[in-house]
Amino acid sequence: MTTTTVQENHGEHTHDVARSQRLGVFLLILADAVFVFGLVFTYFYLRGLNTDGAWIGKGDATVSPAWNWLIAAVVVLSALAYQWGEHRGRAGDRRSLSAGTTVALALVVADLAIQVWRILVSPGTVGNDAYASITVTMGAAHVFHLLLTLFVGLAIWFRVRRGLTDGIEGKHATLVGYWWMWVAGSAVIIAFTTSFVSV
């Protein structure tokens with residue numbers, strides 16, 4: 001086996017690994033999308049059904065949809081900051097990738113704080129009415145999204161700091177960007193859904 005053959009086999013192996021990782025991320029996003037759209041269906045189903053007026057309990061208040069739009073706006077800005085850094089990073093600008101990831105992570109932390117506060121001040125209680133139950137569940141799903149994004153975002157940030165942004169290692173930043181954009185998109189979907197409060 002010649003050196004050329006070894007290099008060709010290594011290149012093929014690297015391509016296969018990158019393709020498998022990309023497929024894995026897309027399948028994760030697809031599975032999560034099914035869950036999110038399940039929540040959206042449940043929201044509209046419970047709202048439309050409104051058995052015995054159980055959608056919003058008597059005397060219970062609702063939260064302004066503006067809060068969910070604020071939450072969505074912050075995570076969209078976070079995704080855009082990351083995409084800017086990742087795009088510049090692909091061109092070899094590691095400082096921009098580091099800066100973009102840093103800003104994006106700060107916005108994720110801010111969004112996480114807003115979302116947790118939004119859940120804690122929810123006027124209804126889970127089990128008290130359908131509206132409170134489904135909106136708190138949607139909020140908890142977004143908290144999970146943000147925690148996972150924070151984890152993978154920090155992993156990319158540390159890799160950039162260590163200079164691991166070439167070859168297959170550099171592809172990871174792109175894969176994380178796919179997830180980040182999905183999280184932003186799911187937040188917009190939830191904000192749109194929860195804009196329809198009254199039956």
Side-chain angles (χ1 to χ4, degrees), residues 1 3-41 71-112 115 137-193:
M1 185 178 285
T3 304
T4 303
T5 305
V6 171
Q7 289 175 342
E8 287 175 355
N9 289 338
H10 178 70
E12 290 175 5
H13 174 70
T14 300
H15 177 71
D16 289 342
V17 170
R19 186 171 56 188
S20 297
Q21 290 176 348
R22 186 168 57 250
L23 177 61
V25 171
F26 286 152
L27 289 175
L28 171 64
I29 291 171
L30 177 61
D32 194 67
V34 171
F35 176 71
V36 169
F37 282 107
L39 290 176
V40 170
F41 172 80
I71 289 166
V74 174
V75 76
V76 166
L77 287 175
S78 172
L80 291 175
Y82 182 82
Q83 289 297 326
W84 173 82
E86 191 274 326
H87 178 72
R88 299 290 296 269
R90 269 186 281 141
D93 187 353
R94 292 180 183 171
R95 296 185 76 172
S96 291
L97 177 55
S98 178
T101 305
T102 301
V103 171
L105 286 171
L107 288 169
V108 165
V109 171
D111 202 48
L112 185 59
Q115 180 64 79
T137 303
M138 286 177 158
H142 188 58
V143 167
F144 171 77
H145 283 160
L146 293 174
L147 289 174
L148 184 53
T149 305
L150 188 61
F151 175 77
V152 295
L154 283 171
I156 292 300
W157 188 83
F158 280 114
R159 286 185 178 207
V160 173
R161 303 290 289 181
R162 294 175 60 191
L164 300 175
T165 56
D166 296 324
I168 195 168
E169 298 290 340
K171 302 280 187 193
H172 292 163
T174 301
L175 296 179
V176 167
Y178 296 151
W179 169 257
W180 219 306
M181 290 303 289
W182 159 242
V183 171
S186 69
V188 171
I189 291 168
I190 289 175
F192 176 78
T193 301

Note to self: Distance check, rounded to the nearest 0.5 Å: Ile71 atom CD1 versus Gln115 atom CD?
What the structure shows: 4.0 Å

Next item on the list: Can you see which heavy atom on Arg22 is nearest to which on Leu175, and at what distance?
Entry: CA-CD2, 3.6 Å

Item checked: Identified side chain to side chain contact (heavy atoms under 4.5 Å, CB included) partner of Val75 from the options Leu146, Thr149, Leu112 -> Leu146

Check: Can you tell me how far CZ of Phe26 sits from CD1 of Ile29, rounded to the nearest 0.5 angstrom?
Finding: 6.5 Å

Notebook entry, point to check: Short question: side chain of Ser186, backbone of Val183 - any donor-acceptor pair under 3.5 Å?
Noted result: yes

Item checked: CG-CG distance between Leu27 and Leu30, expressed to the nearest 0.5 angstrom -> 6.5 Å

Next item on the list: Describe, in one word, how the ring planes of His145 and Trp179 are oriented to each other, choosing from parallel (under 30°), tilted (30 to 60°) and perpendicular (over 60°).
Entry: perpendicular

Check: Is a side-chain donor or acceptor of Tyr82 paired with a backbone partner of Leu97 at a separation under 3.5 angstrom?
Finding: no

Check: Are any of the side-chain heavy atoms of Leu105 and Thr101 separated by less than 4.5 Å?
Finding: yes

Check: Between Phe37 and Thr193, does a side chain to side chain contact (heavy atoms under 4.5 Å, CB included) hold up when you go through it step by step?
Finding: CA-CA 10 Å; Phe37 282 107; Thr193 301; over 6 Å; no

Checklist line | Separation between OG1 of Thr174 and CD of Gln21, rounded to the nearest 0.5 Å | finding: 11.5 Å

Next item on the list: Search all heavy atoms of His142 against all heavy atoms of Ala187 and return the closest pair with its distance.
Entry: CE1-CB, 3.7 Å

Next item on the list: Evaluate the criterion side chain to side chain contact (heavy atoms under 4.5 Å, CB included) for residue pair Glu86 and Ile156; output intermediate values, then yes/no.
Entry: CA-CA 10 Å; Glu86 191 274 326; Ile156 292 300; over 6 Å; no

Checklist line | Straight-line distance of Trp180 CH2 to Ser78 OG, nearest 0.5 Å | finding: 5.0 Å

Margin query: So, taking the atom named NE2 in His87 and the one named CG in Leu80, what distance separates them when rounded to the nearest 0.5 Å?
Written below: 13.5 Å

